[in-house]
Amino acid sequence: MTDIKLYNTMARAKQDFTPIDDKNVRMYVCGPTVYDRAHLGNARPVVVFDVLYRLLRHVYGPDHVTYVRNFTDVDDKINATALARKEAGAPGTLEELVHERSNETIAWYLNDMRALGAMDPNEMPRATEFIQPMIDMIEDLIAKGHAYPDGAGHVLFSVKSYEDYGQLSGRSVDDMIAGARVEVADNKRDPMDFVLWKPSTDDLPGWDSPWGRGRPGWHIECSAMSHDLLGASFDIHGGGNDLQFPHHENEIAQSKCTHPDAGFANYWLHNEMLQVEGKKMSKSLGNFFTVHDLLEQGVPGEVIRFVFLGTHYRKPMDWTEKKRAEAEATLRSIAQLFGGDPHSREWYLRGRGNVPQEILDALSNDLNTSLALTYIRKYVKNRELSKLDASLRLMGFEPEALVEKFHGFEVHAGDNGVVRGVSYHGDGSVSSEHSEVLRSLSAQLFDARETAMETKDFSEVDRLKAALLDAGVEVRMSKNGVELLPGTGFDASKLEGLL
RNA sequence: GGCGAGUUGGCGGAGUGGUGACGCAGCGGAUUGCAAAUCCGUGUACAGGAGUUCGAUUCUCCUACUCGCCUCCA
C-alpha cells in the first residue's frame, strides 16, 4: 500500500498518514458561506482536497473514504439579500427567502466546482439542518463550565477554560491580547472569548433555544456537523490557512471540551491563499472575479484545475494570464495526442492502465501535484498513453473531456497516395457553415500549393495562408496535406470572399 | 505590536548534504517553397552573511526583503 505523508499544521511537520480506521477514512473540509458566487480563491481548497479525496479513494478504496464538506447557510449577507428581496416585494417569509437564496448559491457553487473536476463530497451538510445538535453541544459546554450565557441572549465560549487554546495556530491567549486587536466587549469574561450563540432580532432568521430566539455563531456548526457525520475523532480536517485562526482554533476548543477523551481531527491541512497577478484578490484592486466569470469567459474548468495543481498547495498560488495560456497549451497537446490520430485511440480499447508509481509517490508526498504534472508532461512527450490516461484520471481530468474541449476543430486536405480528399474533426465549436468554408479552403489551399510547387509561384498560397492566419486559423502544410486549426481567436467573418 | 510562511536560472516551478528536474520563453540546428507544427541541441539559478561538515542550494543562527493571519474571508 502506498504510504501517504501529509503536512500536519498541528505538528508543524510532514507526518505519515495513518487512518483511525482504514475501512472508513474520514475527512472534513470547511466549505463556503453561501452568500454569493464562489470567487476563484474559494476554489483552491476545493481542488486541493479533491485531489486528496481521489488519492485516498485510490489507496483505501472508493468505498472506504468519507468526505464531508459543509455549507454555511447562516450568515448576515444571506440575510441581507433575503431581506432586500422581501422589501422588494418577493413572496414568502424571510426564512423561505433565506433558504431560497442559499439554495441558489449552493447550486451555483456545485456547478462551478464540478466544472473544475471536483467530485461532490459524500456529505454536504447545511448549518441550518444541524441547529439542534449545535444547541445540544452549547448546553453541554455550559454544563461542563466551558461556556456561559451573558443573560442577554448570547452564549460565549471561555477560552481560559481550555488550556490548549492556541495550539493549532501557535498563539497564546496572552500574546493575542497583547496584540491588542481583539474586540472589546463588556459581556466577555476574557477578550478572546467567542460567540457560540447570539440573539436574533425579528427581521433575522432565528431558532428557539434555552437562551431565547437566536442563531449560532460561526464556529459551532463545524464542530456539531463533523461530530454528527464523522464522530468525535476523525482523520483529516482541511481548509484555507486563513481559517486556521480563529475558526479552526475555536472548533478544536469546542469539540475537545465537549468530547475531552476524543482526538477530534488527527491531521490538520491548510492550503495557502490565491493571488492574482501577484496581488491579493480584492474588489478594491479590481482583480476580483468568480469561477463563474472565468468559465463564462471561455476558460475551461480543466485549465483552472491545471493551473491550480501547478503550485504546491502550501505555497501561495498566483493566478496569471500567462499560466492560463500555458495550461491551455499543455491540455491542447494532451488532447491532440489522445484525439488527433485515430490509431492513438487504442488507449480506449486497451482498458485502464495502472497509475504509475511515480505519480502515486508524488501525490502521496504531501500532494506534490506540481511534480505529478511534470510526469504527465513526460508521458505526453513520450506518448505513453496508458500512463497518461491513468494519471490524468487520478488527478481529476477526464481524457475524453479534454479531447472534446481542446482538440477543437481541424481540417485535413491531402493525398495519402491512395485517397485524395478532405477530412475534419469537429467538436461543435465551429458551426457547420464555417466548417464547410474551412473544408473548401483547405482543399483550395492544398491544390494551390501543389500547383505552386511546380510553377514556383507561391503568391496565391501565401495570400490564402495570410488570410487564414489573420482569421485566427493555424495553418500547417506539408507535402502530405494541409491542416487548418481554428484557434481561440477564430473570426469566420474574415474568411468571407476567399472562396 | 504578536504569530506564521517564504526568498531557486528571463518567467513559472519541483527537488536534493556531493556540479543542480521539468515547462514556457530565448538561442543554434534539422525539417519546411516560406512558415507553422514537430524533432535534436543549448542555460555562469538556489536572497546576503556566519557556522556545522571532507563537502550545503539542501542543516543551524543572524540580516534583508516578500507575503499571509491576528477583523467576515478559502
Side-chain angles (χ1 to χ4, degrees), chain A residues 7 9 12 29-33 35-36 38-49 69 72 75-77 166 168-183 192 218 238-249 270-275 278-283 291 306-307 309-318 320 322-323 325-327 329-330 332-333 336 340 362 365 368-378 380-381 410 449-450 452-459 461-462 465-466 468-469 473-480 482-485 487:
Chain A
Y7 184 89
T9 306
R12 278 161 224 294
V29 173
C30 290
T33 302
Y35 62 91
D36 205 346
H39 65 246
L40 191 62
N42 290 301
R44 172 116 106 136
V46 174
V47 171
V48 165
F49 292 105
R69 186 182 64 212
T72 299
D75 174 76
D76 288 346
K77 288 190 278 284
L168 178 71
S169 52
R171 305 151 196 250
S172 72
V173 172
D174 292 339
D175 282 346
M176 286 184 279
I177 292 169
R181 292 187 62 172
V182 289
E183 184 187 350
M192 292 306 298
W218 173 35
N241 75 351
D242 54 338
L243 295 181
Q244 193 176 317
F245 185 89
H247 183 58
H248 289 162
E249 200 71 74
H270 292 99
N271 62 274
E272 252 292 353
M273 299 291 100
L274 173 133
Q275 299 183 315
K279 292 180 177 161
K280 179 172 175 168
M281 184 163 77
S282 73
K283 286 179 178 168
V291 173
F306 200 90
V307 170
L309 298 184
T311 300
H312 185 82
Y313 78 95
R314 282 193 289 112
K315 288 196 171 182
M317 205 220 65
D318 199 12
T320 63
K322 191 179 172 196
K323 284 186 181 177
E326 273 191 33
T330 304
R332 187 174 291 271
S333 68
Q336 293 197 344
N365 185 11
N368 194 341
T369 50
S370 178
L371 187 59
L373 291 187
T374 294
Y375 296 136
I376 282 189
R377 287 191 200 93
K378 183 178 75 177
V380 174
K381 186 174 179 177
E410 62 183 47
R449 186 174 175 284
E450 281 208 316
M453 289 297 282
E454 289 176 14
T455 64
K456 300 300 174 194
D457 174 8
F458 290 95
S459 58
V461 179
D462 288 338
K465 192 177 80 175
L468 283 161
L469 289 174
V473 181
E474 191 177 311
V475 179
R476 300 178 187 172
M477 291 185 274
S478 74
K479 56 181 175 294
N480 296 320
V482 168
E483 278 182 75
L484 300 182
L485 297 94

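Side chains are part of it too, since the values below use all heavy atoms of this structure and drop only hydrogens, waters and symmetry mates. Quantities reported herein were computed from a predicted structural model and do not represent experimental measurements. Note on naming: letters A, B, ... go to the chains in the order of the sequence lines (proteins, then strands), and numbering restarts at 1 for each one.
- Annotation: salt bridge (Lys or Arg N to Asp or Glu O under 4.0 Å) contacts of A/Lys378 (sequence neighbours excluded): A/Glu358.
- In this structure A/Asp36 satisfies the salt bridge (Lys or Arg N to Asp or Glu O under 4.0 Å) test together with A/Arg101, sequence neighbours excluded.
- Residues that satisfy the side-chain hydrogen bond (donor to acceptor under 3.5 Å, both in side chains) test with A/His248, not counting sequence neighbours, are A/His270.
- A/Ser459 meets the side-chain hydrogen bond (donor to acceptor under 3.5 Å, both in side chains) test with A/Asp457; sequence neighbours excluded.
- Taking the side-chain hydrogen bond (donor to acceptor under 3.5 Å, both in side chains) definition, one finds that A/Asn241 meets it with A/Glu272, sequence neighbours left out.
- Taking the P atoms as reference points, B/C54 lies 24 Å from B/C62, given to the whole Å.
- Under a cutoff of 6.0 Å and an axis angle of 45°, A/Arg69 and A/Phe49 do not form a cation-pi pair.
- For A/Asp242, the salt bridge (Lys or Arg N to Asp or Glu O under 4.0 Å) test picks out no residue, with sequence neighbours left out.
- A/Arg377 pairs by the salt bridge (Lys or Arg N to Asp or Glu O under 4.0 Å) definition with nothing, not counting sequence neighbours.
- When each of B/G4, B/C70, B/A74 is scored by its nearest atom to the side-chain atoms of A/Leu243, the top-ranked nucleotide is B/A74.
- Partners of A/Asn42 under the side-chain hydrogen bond (donor to acceptor under 3.5 Å, both in side chains) rule, at least two apart in sequence or in another chain, are A/His39.
- Checked against side chain to side chain contact (heavy atoms under 4.5 Å, CB included), A/Thr72 has the following partners two or more places apart in sequence or in another chain: A/Thr33, A/Asn70, A/Trp218, A/Glu221.
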Could you go over nucleotides 30-33 of chain B and give all protein N or O partners under 3.5 Å, atom names and distances?
unit_1	atom_1	unit_2	atom_2	d
B/G33	OP1	A/Arg449	NH2	2.7
B/G33	N1	A/Asp462	OD1	2.9
B/G33	N2	A/Asp462	OD1	3.4
B/G33	N2	A/Asp462	OD2	3.0

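- For A/Arg12, the side-chain atoms get nearest to B/G4 when compared with the rest of B/C69, B/G4, B/A74.
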How does RNA chain B look in dot-bracket notation if pairs are Watson-Crick or G-U with both distances under 3.5 Å, crossing ones as [ ], other-strand ones as |? (((((((..(((.....[...))).(((((.......)))))....(((((..]....))))))))))))....
I need a per-nucleotide contact map over nucleotides 9-14 of chain B, read 5' to 3'. Cutoff is protein heavy atoms under 4.0 Å; write B for the base, S for backbone only, - otherwise. --BSSS
